[in-house]
Number of protein chains: 2
Amino acid sequence: MSQTVDRALSILPLLAQGPADLGQVADRLGVHKSTALRLLRTLHDHGLVYRQQDQRYRLGARLFALAQEAVENLDVRDVAHPHLVTLNEQIGHTVHLAVYEESEVLYIDKVESRYPVRMYSRIGKPVAITVAAVAKLLLGDLPEHERRAIADKLDYPMYTSRSTPNAAAFLKELAAVREQGWATDLGGHEESINCIGAPIRGAAGRVVAAMSVSAPNVVVTAEELLTLLPLVRRTADAISREYSGSGTPH
Amino acid sequence: MSQTVDRALSILPLLAQGPADLGQVADRLGVHKSTALRLLRTLHDHGLVYRQQDQRYRLGARLFALAQEAVENLDVRDVAHPHLVTLNEQIGHTVHLAVYEESEVLYIDKVESRYPVRMYSRIGKPVAITVAAVAKLLLGDLPEHERRAIADKLDYPMYTSRSTPNAAAFLKELAAVREQGWATDLGGHEESINCIGAPIRGAAGRVVAAMSVSAPNVVVTAEELLTLLPLVRRTADAISREYSGSGTPH
DNA sequence: AATGAGTGTTGCACATGATGCAACGACGAG
DNA sequence: CTCGTCGTTGCATCATGTGCAACACTCATT
């Protein structure tokens with residue numbers, strides 16, 4: 001693995017948190033200023049990093065363009081989006097679409113709730129992997145040894161009293177989810193928010209994405225939310241059919 | 001400039017055109033396969049590149065996550081402030097920066113006039129939405145139906161004889177502003193104060209903020225103020241470029 | 001003016017770390 | 001079974017990235 005490139009790439013997440021000047025970058029990389037300068041210059045030449053008027057660096061437009069390309073390659077999103085909108089029109093709550101990649105679960109699409117009380121989430125943000133319904137669906141479909149390896153490596157933060165406490169409980173939950181073909185998160189991340197989710201499968205039957213519907217307690221109770229499960233599953237199945245029907249990507 | 005990083009980063013736009021295997025990457029970089037392999041591995045470790053089942057590489061979702069995080073942490077104020085100060089140093093009058101949020105237009109930054117006679121305003125204070133130049137710019141960019149909905153809900157207080165009298169006049173004014181790309185408020189709020197404003201646009205071309213220059217009649221006439229318009233527009237454009245991250249090196 | 005602390009920048013000698021080579025392993029096709 | 005293709009690994013060589021020290025610049029303080 002290339003040290004120079006490794007250092008250069010470490011700058012990107014650092015700048016994503018906000019602009020930083022040369023000294024800060026050098027410090028956080030643990031390298032000399034001149035080294036950081038050369039790395040930043042190279043990133044700059046490629047447009048991934050931009051230098052604002054006060055000389056601080058931030059992420060550049062090129063990165064956004066690339067990100068755009070990257071997400072277009074995730075073509076599940078194209079197929080799913082209209083279905084998600086339709087579902088949102090029917091039930092009103094927030095609808096999410098997520099994928100698993102490289103030990104992370106990311107939201108890649110979202111349709112906002114029509115209700116004034118909304119849950120906080122962000123497209124592109126890694127999901128709370130140990131509790132989210134979509135995470136359980138995506139991880140649950142992995143081969144047994146991978147599931148175990150991932151479960152062992154994870155932390156299990158107790159967001160609430162109902163969060164998944166440890167690897168054993170998580171694996172058990174994954175098995176249950178895999179078996180039943182849907183998942184929930186009842187107050188496991190935020191005490192007052194419930195979630196139900198269903199898997200989206202590709203042509204080979206593998207889970208390629210997962211969708212979920214989230215709503216706060218104050219809008220609907222968990223029981224009421226669960227009555228929507230058949231509708232959510234039908235939507236997920238419709239997306240699966242369309243996605244696997246269209247055949248090969250690109 | 002760092003050769004290794006340079007090569008690694010050149011892989012990204014290459015993959016943006018579509019997935020490629022190791023050999024193709026090595027060829028197009030003009031390096032040995034083993035070199036390309038190490039670069040790809042490093043990119044992979046950072047999640048910028050993803051390896052699909054057929055072993056070919058494509059752009060990774062992490063790129064998307066990074067870009068998303070960056071826009072969330074991007075503050076227009078940070079970017080704009082130095083430009084506003086520069087403009088103020090050139091022309092001396094009060095400079096404002098405003099955004100639209102939740103049916104209100106708010107001043108979020110201000111550089112005070114150097115002249116003793118100053119206009120009253122306060123950062124964080126809602127703007128007189130029916131007459132202020134910045135309000136016209138921000139509302140003018142909204143979709144047609146939203147503009148109409150807002151215009152209908154507003155009150156049209158007659159601060160002066162030149163205030164916008166009703167919804168119809170307001171919508172007409174918004175259309176004109178949208179068309180010409182700048183706005184004025186000539187004595188519409190306070191009889192003796194004039195204002196010129198220009199929009200600041202984000203990467204997607206949408207108006208994300210607006211800036212204005214204000215001066216009382218006793219200091220400059222409306223005609224004199226209008227001669228400053230090109231300078232104001234240039235400043236706004238410079239901020240737009242920087243905010244969307246597509247600006248100049250050094 | 002003079003001073004000093006805080007930046008970003010440049011040139012350079014050194015050795016670290018990236019490079020290409022060649023050999024290996026895995027896979028599929030003929 | 002053999003050839004061809006592709007990804008992977010270990011290694012010797014030296015090109016490259018590295019830290020240092022000195023410089024240039026701005027800003028605030030005296």
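Keep in mind that this is a model prediction, so the values were computed, not measured. Below, read A as the first sequence line, B as the second, and so on, with proteins coming before strands; counting in each chain starts at 1.
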Compare every heavy atom of [Y] with every heavy atom of [X], then report the nearest pair and how far apart it is.
X	Y	answer
B/Arg62	B/Gly47	CB-O, 2.9 Å
A/Arg58	B/Val79	NH1-CG2, 4.3 Å
B/Leu138	B/Val99	CD1-C, 3.6 Å

Nearest whole Å is fine: how far is [N] [atom2] from [X] [atom1]?
X	N	atom1	atom2	answer
A/Lys33	C/dT10	NZ	P	13 Å
A/Met1	D/dT9	CE	P	13 Å
A/Leu39	D/dG17	CG	P	9 Å
A/Asp54	C/dG6	CG	P	19 Å
B/Gln24	D/dT5	CD	C1'	13 Å
A/Leu22	C/dT10	CG	C1'	13 Å
A/Leu37	C/dG11	CG	C1'	13 Å
A/Arg51	C/dT7	CZ	P	13 Å

Side chain of B/Gln24, backbone of B/Asp21: donor and acceptor closer than 3.5 Å? yes
Which part of the nucleic acid, if any, lies within reach of A/Arg56 when heavy atoms closer than 4.0 Å are counted: base, sugar-phosphate only, or nothing?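 Since no nucleic acid heavy atom lies under 4.0 Å of A/Arg56, the category is nothing.
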Look at [X] and [N] and indicate whether a side-chain polar atom (N or O) is within less than 4.0 Å of OP1 or OP2.
X	N	result
B/Gln3	D/dT16	yes
B/Thr35	C/dA18	no
B/Ser2	D/dG17	yes
B/Arg38	C/dA18	no
B/Ser34	D/dT8	no
B/Thr4	D/dG17	yes

With a 6.0 Å cut-off (strictly less than), is the heavy-atom count around CD of B/Gln180, excluding the residue itself, greater than 12? yes
5'-most contact on DNA chain C: B/Arg7 or A/Asp21, nearest heavy atom basis?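 Comparing both residues, the 5'-ward one is A/Asp21.
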